[in-house]
Amino acid sequence: MTDLDTRKDEALSAIAAASDLAQLDEQRVAALGKKGWVSLELKSLGTMSPDERQQAAPAIQAVRAEIADAIAAKKASLEAAALESQLASETIDLTLPAPETPRGSIHPVSQVMDELAEIFADLGFAVATGPEIEDDWHNFTALNMDESHPARAMHDTFYFPDAAPDGGPASSSEAVGQTGRMLLRTHTSPVQIRSMMQQGAPVRLIAPGRVYRSDSDATHTPMFHQVEGLVIDRDIHLGHLKWTLETFFRAFFEREDIVLRLRPSYFPFTEPSVEVDVGYSNEGGRRVVGGHGDEEGHDWMELGGSGMVNPRVLEFAGVDPGEWQGFAFGLGIDRIAMLKYGMNDLRAFFDGDPRWLRHYGFSPFDQPTLSAGVGVRP
């Protein structure tokens, strides 16, 4: 065995014995580095005669290739072993739930608006919208509210300052014009007027949205949400109104024992007019809708106003009251949300407190659908 073969075998043994990449790299440098013994053997070829070079060069090149291959194979083996060791020490249990990431939530008002739209759509109602900045003709006059009606007072309604076209103060005649002063709508009833004026009769719609009144306490805020319903057709009567509301409340509160009481009242835009009361009980300090209000442990609670549309309102909207009649109703969205989901202070709806939203908010995947149980039962 030549000296070259002996050194090769020693190098291969050292490479095979390397326990980590650092030891392997030491063997690489010792054999193939700039001053390694294989590199020095290759440099010695320059001092040989042509015949000696022709005889020695193939053996040195073969040794160099064999050592390089051994180093590459050992490196791959060590890297694979290191990866196996890392995987064994960093095992992930895929059966564990993933950590929860921060996410937003749907506000209860938005959720309830989607719920009632789903229910009324199941009853054949369309959803109508209108401007929140309204004129007093659509907001008051067309709804049979005369100039002396208390709702027109400044302490109940947010009016915009009168202004002339150039931005300066306007005279009373310039400010009033044909449609009247501009204001923040106090109800969504103007949407009913605009819808009847645009499409005539028959009509079956709900008008959900924001409304504004100058009031603020635990159960009232200057801005709140309301839904109003309107049905105009032939031969409509109060029985249709009661059935519609009972069907809605049973689907919304998901209870079959909903009992309504229609109590005579007065609204200028309906005649006859009735307040809508619902039976409820107190359970653990919370009002729970359901049952007859005259039963022991139960009482009545007002949820909204309603009635047969006043013929004068139909005339204002361009609908012939001699041919068409119908009913209308209005409900506070925030209030029915409080009743369904157990909230007791309306002001918290608008505080923007993320802790409150985390508690009462809904997942974006909790969309109200008929398949999820929101809707009218057959």
Side-chain angles (χ1 to χ4, degrees), residues 108-129 187-189 191-192 195 202-211 224-233 236-263 265 267 269-270 272-281 287-293 298 300-309 326-343 362 366-378:
V109 169
S110 300
Q111 180 77 8
V112 167
M113 290 179 77
D114 287 343
E115 289 179 12
L116 64 88
E118 183 75 19
I119 295 169
F120 278 110
D122 198 25
L123 291 172
F125 284 70
V127 177
T129 59
H187 43 196
T188 57
S189 300
V191 178
Q192 301 179 14
S195 297
V203 173
R204 184 181 295 187
L205 62 83
I206 59 168
R210 288 185 290 265
V211 297
F224 57 100
H225 300 83
Q226 188 180 64
V227 59
E228 296 195 15
L230 175 69
V231 173
I232 301 295
D233 210 325
I236 297 296
H237 52 74
L238 281 176
H240 296 126
L241 167 65
K242 186 176 182 182
W243 178 89
T244 299
L245 292 176
E246 283 181 340
T247 304
F248 164 71
F249 284 127
R250 285 171 182 167
F252 179 76
F253 290 109
E254 300 179 60
R255 295 182 64 121
E256 291 300 318
D257 60 344
I258 298 294
V259 180
L260 297 186
R261 180 181 69 177
L262 301 186
R263 178 166 40 86
S265 185
F267 303 109
F269 33 81
T270 52
S273 303
V274 290
E275 299 275 6
V276 180
D277 299 334
V278 64
Y280 77 98
S281 60
R287 291 184 175 184
V288 177
V289 174
H292 197 288
H298 290 71
W300 295 104
M301 173 173 49
E302 182 228 323
L303 282 186
S306 63
M308 300 298 293
V309 179
F327 64 77
F329 60 86
L331 304 169
I333 295 176
D334 313 283
R335 188 171 188 189
I336 62 175
M338 292 170 68
L339 285 172
K340 182 172 182 178
Y341 295 112
M343 307 152 192
F362 293 82
D366 290 337
Q367 293 298 314
T369 61
L370 297 181
S371 60
V374 175
V376 177
R377 273 57 167 184

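Remember, it's a predicted structure, so these values are computed and weren't measured experimentally.
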Aromatic centroids of F329 and F249 separated by under 6.0 Å: no
F253/Y280 aromatic ring centres below 6.0 Å: no
Shortest non-hydrogen separation from [X] to [Y] and the atoms involved:
X	Y	answer
G304	L331	CA-CD2, 4.2 Å
T270	S306	OG1-O, 3.9 Å
H237	F327	O-CD2, 4.2 Å
V259	W300	O-CZ3, 3.6 Å
G326	I232	CA-CD1, 3.9 Å
A337	V112	CB-CG2, 3.6 Å

From CA spacing to verdict: side chain to side chain contact (heavy atoms under 4.5 Å, CB included), L116, F248: CA-CA 8 Å; L116 64 88; F248 164 71; 3.7 Å; yes
Would you check if the side chain of [X] reaches a backbone N or O of [Y] as a donor-acceptor pair within less than 3.5 Å?
X	Y	answer
T188	G209	no
S281	H298	no
D334	H225	yes
R263	E302	no

Decide yes or no for [X] and [Y]: does some side-chain heavy atom of the first lie under 4.5 Å from some side-chain heavy atom of the second?
X	Y	answer
I119	F125	no
I236	V309	no
H240	D233	no

Verdict with supporting geometry, R335 and M301, side chain to side chain contact (heavy atoms under 4.5 Å, CB included): CA-CA 11 Å; R335 188 171 188 189; M301 173 173 49; 3.7 Å; yes
Gap between atom [atom2] of [Y] and atom [atom1] of [X] - 0.5 Å precision:
X	Y	atom1	atom2	answer
Q192	E228	CD	CD	5.0 Å
F362	E115	CZ	CD	6.0 Å
F267	E275	CZ	CD	4.0 Å
E256	E246	CD	CD	11.0 Å
H187	F269	NE2	CZ	6.5 Å
K242	R261	NZ	CZ	11.0 Å

Results of ring-ring contact (aromatic ring centres under 6.0 Å, His included) for F224 - residues two or more places apart only: none
Reference residue S195; test side chain to side chain contact (heavy atoms under 4.5 Å, CB included); the match among L230, L205, T129: L205
Residues which pass salt bridge (charged side-chain N to carboxylate O under 4.0 Å, His left out) with R287, listed by chain and number, not counting sequence neighbours: none
Worked verdict on L241 versus V274 for side chain to side chain contact (heavy atoms under 4.5 Å, CB included): CA-CA 10 Å; L241 167 65; V274 290; 4.3 Å; yes
Criterion side chain to side chain contact (heavy atoms under 4.5 Å, CB included) on L262 and V276, from CA distance to verdict: CA-CA 5 Å; L262 301 186; V276 180; 4.0 Å; yes
